[in-house]
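Protein chains get the first letters and strands the later ones, always in sequence-line order, with residue 1 at the start of each. Quick caveat: nothing in here was measured; it's all calculated off a predicted structure. Note that these values count all heavy atoms, side chains included, but never hydrogens, waters or copies made by symmetry.
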Number of protein chains: 2
Amino acid sequence: MDGRIANLSMKLDVYRAMSPEQSLADCPIRDVIQTISGRWSSLLMSALAERSYRFGELRRLVPDISQRMLTQTLGELQRDGYVHREVFPTKPPKVEYSLTEFGRSMYGALEHLLHWAEVNHGGVRQARRRFDEAKNAALT
Amino acid sequence: MDGRIANLSMKLDVYRAMSPEQSLADCPIRDVIQTISGRWSSLLMSALAERSYRFGELRRLVPDISQRMLTQTLGELQRDGYVHREVFPTKPPKVEYSLTEFGRSMYGALEHLLHWAEVNHGGVRQARRRFDEAKNAALT
DNA sequence: AGTGTTGGTCTCAATATGAGAGCAACAATC
DNA sequence: GATTGTTGCTCTCATATTGAGACCAACACT
């Protein structure tokens with residue numbers, strides 16, 4: 001990976017969008033990023049990018065998510081327009097979740113970050129080890 | 001923006017990396033993403049991508065972050081190798097934070113998502129409005 | 001009748017975050 | 001020389017947010 005930033009015209013301007021010289025507190029990007037950066041959001045987006053899933057399937061696919069957070073996160077992703085929820089009134093009920101076109105568009109951008117994480121998790125682990133060792137050494 | 005996914009060979013495989021057919025609970029990508037997707041991480045990365053900042057400068061730049069979370073988030077970003085922290089032993093002390101090359105590399109991937117958010121925050125707001133209206137209508 | 005499956009919600013404990021005070025060591029001001 | 005201000009933190013305590021698990025209705029299967 002190279003360390004260059006693709007488009008230098010962005011940078012912090014990205015976060016300042018629409019409110020030049022103003023505080024970053026009410027920045028619209030933060031509002032959008034907040035949902036995406038939820039603890040389970042990228043994982044569920046990643047799953048749904050592969051194919052549609054039922055509620056219970058997602059639950060089994062992500063073993064350590066609580067049912068409560070699965071419901072809630074899917075609800076947020078649906079509200080922001082990334083996920084489509086379709087109820088089939090069978091008994092027992094069947095609810096299918098899938099990505100919308102908008103969601104696929106967003107995933108196209110998120111994917112870069114996930115891919116970077118996949119390639120570089122070794123580097124992160126190494127950095128953590130170094131940091132923790134330096135900290136312990138300082139305590140001597 | 002088009003809705004296509006750039007590289008179909010990834011998808012969920014990204015999250016399954018290193019543990020095929022296994023649960024997603026101990027996926028290394030989740031470990032890496034967790035820090036990046038912290039509430040303040042992308043905002044601080046975005047600021048530091050522009051230039052180096054001192055602690056107090058970041059505090060003023062992001063008015064609604066608590067000092068506690070600023071310290072903590074910068075510490076996590078440093079531990080994962082994205083941020084360099086340099087202390088100048090002046091009185092009063094001066095601490096400068098900057099991106100490492102590794103951090104710039106990560107920001108190169110994160111940037112796509114931030115840019116998407118900038119371009120599409122209108123769409124998200126619209127989706128939310130529609131969702132909330134449909135919900136209210138259902139309560140009639 | 002009993003057991004299991006479905007997608008939820010509700011309650012309550014654990015955890016994470018925010019608001020604000022306190023702190024040591026000086027510099028500048030009055 | 002006493003006050004005031006600055007720095008980058010850390011500590012405490014109130015408030016969100018999240019997790020663990022019970023409970024639910026409506027059926028199918030044994």
For each nucleotide in nucleotides 4-18 of chain D, reading 5' to 3', give B when a protein heavy atom comes within less than 4.0 Å of its base, S when such contact involves only the sugar-phosphate, and - otherwise. --BBBBB-B-----B

Classify the ring geometry between A:F102 and A:Y82 as parallel (under 30°), tilted (30 to 60°) or perpendicular (over 60°). parallel

Kindly confirm or rule out a cation-pi arrangement of B:R59 over B:F55, judged by NZ or CZ under 6.0 Å from the six-membered ring centre and within 45° of its axis? no

Give a yes or no answer on whether the side chain of B:T73 reaches the backbone of B:S41 with a donor-acceptor pair at less than 3.5 Å.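 No, B:T73 side chain to B:S41 backbone: no donor-acceptor pair under 3.5 Å.
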
Only counting residues at least two apart or in another chain, list the ones meeting salt bridge (Lys or Arg N to Asp or Glu O under 4.0 Å) with B:E96. none

What integer distance in Å separates [X]:[atom1] from [N]:[atom2]?
| X | N | atom1 | atom2 | result |
| --- | --- | --- | --- | --- |
| B:F88 | C:dC26 | CZ | C1' | 19 Å |
| B:I65 | C:dA19 | CD1 | P | 11 Å |
| A:D64 | C:dA14 | CG | P | 20 Å |
| A:E96 | C:dT6 | CD | P | 14 Å |

More than 12 heavy atoms of other residues, nucleotides or ligands under 6.0 Å from CZ of B:R128: is that the case?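 Atom CZ in B:R128 is crowded, with more than 12 foreign heavy atoms closer than 6.0 Å.
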
Straight-line distance of B:L113 CG to A:I33 CD1, nearest 0.5 Å: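 Result: 4.0 Å between the selected atoms.
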
Please determine whether a side-chain nitrogen or oxygen atom of A:K91 lies at a distance below 4.0 Å from atom OP1 or OP2 of D:dA26.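 Indeed not, no polar side-chain atom of A:K91 lies that close.
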
